[in-house]
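What follows is a short report on a single structure.
We count ligands from 1, going down the list as the structure has it; atoms in each ligand are counted the same way.
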Amino acid sequence: MGFLRNTKEMLLHAQREGYAVPAFNIHNLETIKTVVETANELRSPVILAATPGTMDFAGRAYIQAIAETAAKLHDIPIALHLDHHTTYESIFESLQLGTKSVMIDASHKPFEENVALTKKVVEIAHEYGATVEAELGKLVGQEDDLTVDEKDAIYTDPDLAVEFVERTGVDSLAVAIGTAHGLYKSEPKLDFERLAKIRSLVHVPLVLHGASGVPVKDVQKCIELGCAKVNISTELKIPFSNGLRDYLLVHPEETDPRKYMKPAKEAMREMVIEKIIMCKSNGRV
Ligand code: 13P
């Protein structure tokens, strides 16, 4: 058995104790190490989220192996989670490699098709001891190649959410309540009432996507209202890139990745600390 976990116990514990497990999007060895080492320092459970774009970029087997090594080296709960995967085939490939936590995102499809594909993924994932997150509703913004315009955004319908969870058997549900992937042009207005209603009807842990740029108080309110997993991507990419850019601007002659990656990792580390504290997941291990 590998060292990577599925997210069942992690999310149920967070739900019971009133915090959220942060899911940080990672892209390579540097970002995985930064996230895991920082989570370990803060004694926080952590989810490493990899989109199809990341798998294409870094290689599915490489990401799996690096995450597995990270989980072996640290005694905190660590899950590698497939973020926004849209096909059965890509998920199956990762299940065979040992991934224990997957998201099937068929939220762009009509309801019945979303149910059918999600159910199919749940059946195979559970056979492999993996947990499944799915999404109902549509978030604005861009994640990998999936782009949703403002006019096409759909908030999660609480009654449909109940039906969706019952019919698919998913382990967690990503909800659309006004957050977006990427940064915001103005402060987002979240539909807390809708979230509370979903929470009162649906009993699996809820997932908040698009947390970058959402004020801390709003994310924490979502956690209080039942979001047990909070996804953060853009806000980690920014300090990593800034750290790298700033260093190379001052040292344009530098060619050693071991030198110029350092400030990028350090800047990202600061943000990981901030987000772990926002999720109140520090000191939970
Ligand atoms: P942000 O890039 O807005 O943080 O969204 C992350 C996300 O939801 C990944 O699934």
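Contacts between H84 and ligand 1, counted as non-hydrogen atom pairs separated by less than 4.0 Å, involve the side chain only. The proximity of A49 to ligand 1, defined as any non-hydrogen pair under 4.0 Å, does not occur for either the backbone or the side chain. Of all the heavy atoms of N25, the ones lying under 4.0 Å from any atom of ligand 1 belong exclusively to the side chain.
We find that K280 and E17 are not joined by a salt bridge, their nearest charged nitrogen and carboxylate oxygen being 4.0 Å or further apart. Salt bridge annotation for E266-R269: present, with a cationic side-chain nitrogen under 4.0 angstrom from a carboxylate oxygen. The pair K197-D191 does not meet the salt-bridge criterion, since no charged nitrogen lies less than 4.0 angstrom from a carboxylate oxygen. The pair R167-E112 meets the salt-bridge criterion, since a charged nitrogen lies less than 4.0 angstrom from a carboxylate oxygen.
Of all protein heavy atoms, the one closest to atom 1 (P) of ligand 1 is S212 OG, 3.5 Å. With hydrogens left out, the protein atom closest to atom 2 (O) of ligand 1 is T234 OG1, 2.5 Å, a heavy atom. Considering only non-hydrogen protein atoms, atom 8 (O) of ligand 1 sits nearest to G210 N, 2.7 Å. When hydrogens are left out, the protein atom nearest atom 10 (O) of ligand 1 is D83 OD2, 2.8 Å; that is the closest non-hydrogen contact.
Considering backbone and side-chain atoms alike, G182 places an N or O below 3.5 Å from some N or O of ligand 1. Checked by distance only, ligand 1 and H181 come closer than 3.5 Å through their nitrogen or oxygen atoms.
Using a 4.5 Å heavy-atom cutoff, the side chains of V21 and S281 are not in contact.
Atoms of ligand 1 lying under 4.0 Å from at least one heavy atom of H209, given by number and element, are 8 (O), 10 (O). For ligand 1, the atoms lying closer than 4.0 Å to a non-hydrogen atom of I232 are 4 (O). Contact atoms of ligand 1 toward A180: 3 (O) (distance under 4.0 Å to a heavy atom of the residue).
Note that K262 lies outside the cation-pi zone of Y247, set by a 6.0 Å cut-off to the ring centre and a 45° limit from the axis. For the pair K120 and Y88, the distance from NZ or CZ to the six-membered ring centre is under 6.0 Å and the angle to the ring normal is within 45 degrees.
Of the candidates E133, Q15, H209, K229 forms a side chain to side chain donor-acceptor pair (under 3.5 Å) with just one, namely E133.
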